[in-house]
Amino acid sequence: MRWYWIDRFIEFESGKRAKSVKNVSLAEEHLHDHFPGFPVMPGSLMIEGMAQTGGILLGEHYKFEYNVILAKVPKVTFHSWACPGDQLIYAAELQDAREEGGSVTVTATVGERLVAEAEIVFVHLNSDDPQLSRIDQKNFVFRTNLLDILTVGQAGVGG
Amino acid sequence: MASADEILVKVQETLVDALGVDDDEVTPTATLIGDLGAESIDFLDIVFRLEKNFDIKIPRGELFPENLATADSGFVADGKVTEEGIAQLRTKIPHADIDAFAANPLVSKLSDLFTVDMICRFVATRLK
């Protein structure tokens, strides 16, 4: 499985806000276990999608100079759920951005329906920071391939 | 100009939000790490929230200095912070109660310098 929990960006205002799309599909293996007969997008993966949206927003603000690491989710509320066929829109707003890290608020909606909202804090680590080796790679909001998401859709609409 | 009580109330609210603790736990003498369970990452979150709640700017390392009296700093001997180290602490972190720490300056107790009252004192200097 590839660790992409957003499909593409639909809006990107550097240093301010970004909106991404996640199309929930029954082709996703885990939905058959979560739960059998009642497939819903796991909340933890929604947080990951929100963090990928907000983390790329923060990373881009500093031209990807830092490794942006998901450090803390001070607050998250799930109001509803998302099922196969739903299109989640993650709307992130950059609240703080400084040398040490940053924070975002993000909402997840399907149509008009609010599914989840969260505050997320990230820290910056330089590539030569000794702490870097102690960190699980999955904590990285972006490394190499994840930035491919920024180019999704650039092939045009195929028409 | 906010009174000391007003500052304390706002600092309490800030820590309740950042650390998920109850407001009655956030007493002036409570230590952030020992009593309130703060971890290193929480300090950045606390800084963000204080900046917002008090409309102040907190440059890196001013409220929570990094690398205080580490083993290779030359300010540590026999598990205690040396006199030079104490002098450095007074400069780096004047809003902390260094006098109380200096009575028995165990390196292992350094994190106890970070108290609720320390944050209140720092904020008060920024609001002047």
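Each chain gets a letter, A, B and so on, in the order the sequences are listed, and its residues count up from 1.
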Using a 4.5 Å cut-off on heavy atoms from C-beta on, say whether the side chain of B:F101 contacts that of B:L110. yes

Transitively linked via ILVMFWY side-chain contacts under 4.5 Å: B:L106 with B:I93? no

So which N and O atoms of chain A and chain B form donor-acceptor pairs under 3.5 Å?
residue : atom : partner : partner atom : Å
A:K72   : NZ   : B:A18   : O            : 2.6
A:K72   : NZ   : B:D42   : OD1          : 2.6
A:K72   : NZ   : B:D45   : OD2          : 2.7
A:D96   : OD2  : B:K52   : NZ           : 3.4
A:R98   : NH1  : B:E51   : OE1          : 3.4
A:R98   : NH1  : B:E51   : OE2          : 2.9
A:R98   : NH1  : B:I58   : O            : 3.3
A:R98   : NH2  : B:I58   : O            : 2.6
A:E99   : OE2  : B:R60   : NH1          : 3.2
A:E119  : OE1  : B:R49   : NH2          : 2.8

Contacts with chain B made by residues 7-24 of chain A (heavy-atom distance under 4.5 Å), listed by residue number: none

Tell me if the aromatic rings of A:W5 and A:H30 count as close, with their centers under 6.0 Å from one another. yes

If you compare all heavy atoms of A:A82 against all heavy atoms of A:V110, which two are closest, and at what distance to 0.1 Å? CB-CG2, 4.4 Å

Can you name the nearest heavy-atom pair linking A:L58 to A:A97, along with the distance? CD1-CB, 3.8 Å

Are side-chain heavy atoms of A:V73 and A:V76 found at a separation under 4.5 Å? yes

Apply side-chain contact (heavy atoms from CB on, under 4.5 Å) to the pair A:F122 and A:I120, showing each step before the final yes or no. CA-CA 7 Å; A:F122 303 94; A:I120 301 176; 3.6 Å; yes

Do the non-hydrogen side-chain atoms of A:W81 and A:D86 ever get within less than 4.5 Å of each other? no

For residues B:P65 and B:F114, determine if any side-chain heavy atom of one lies less than 4.5 Å from a side-chain heavy atom of the other. yes

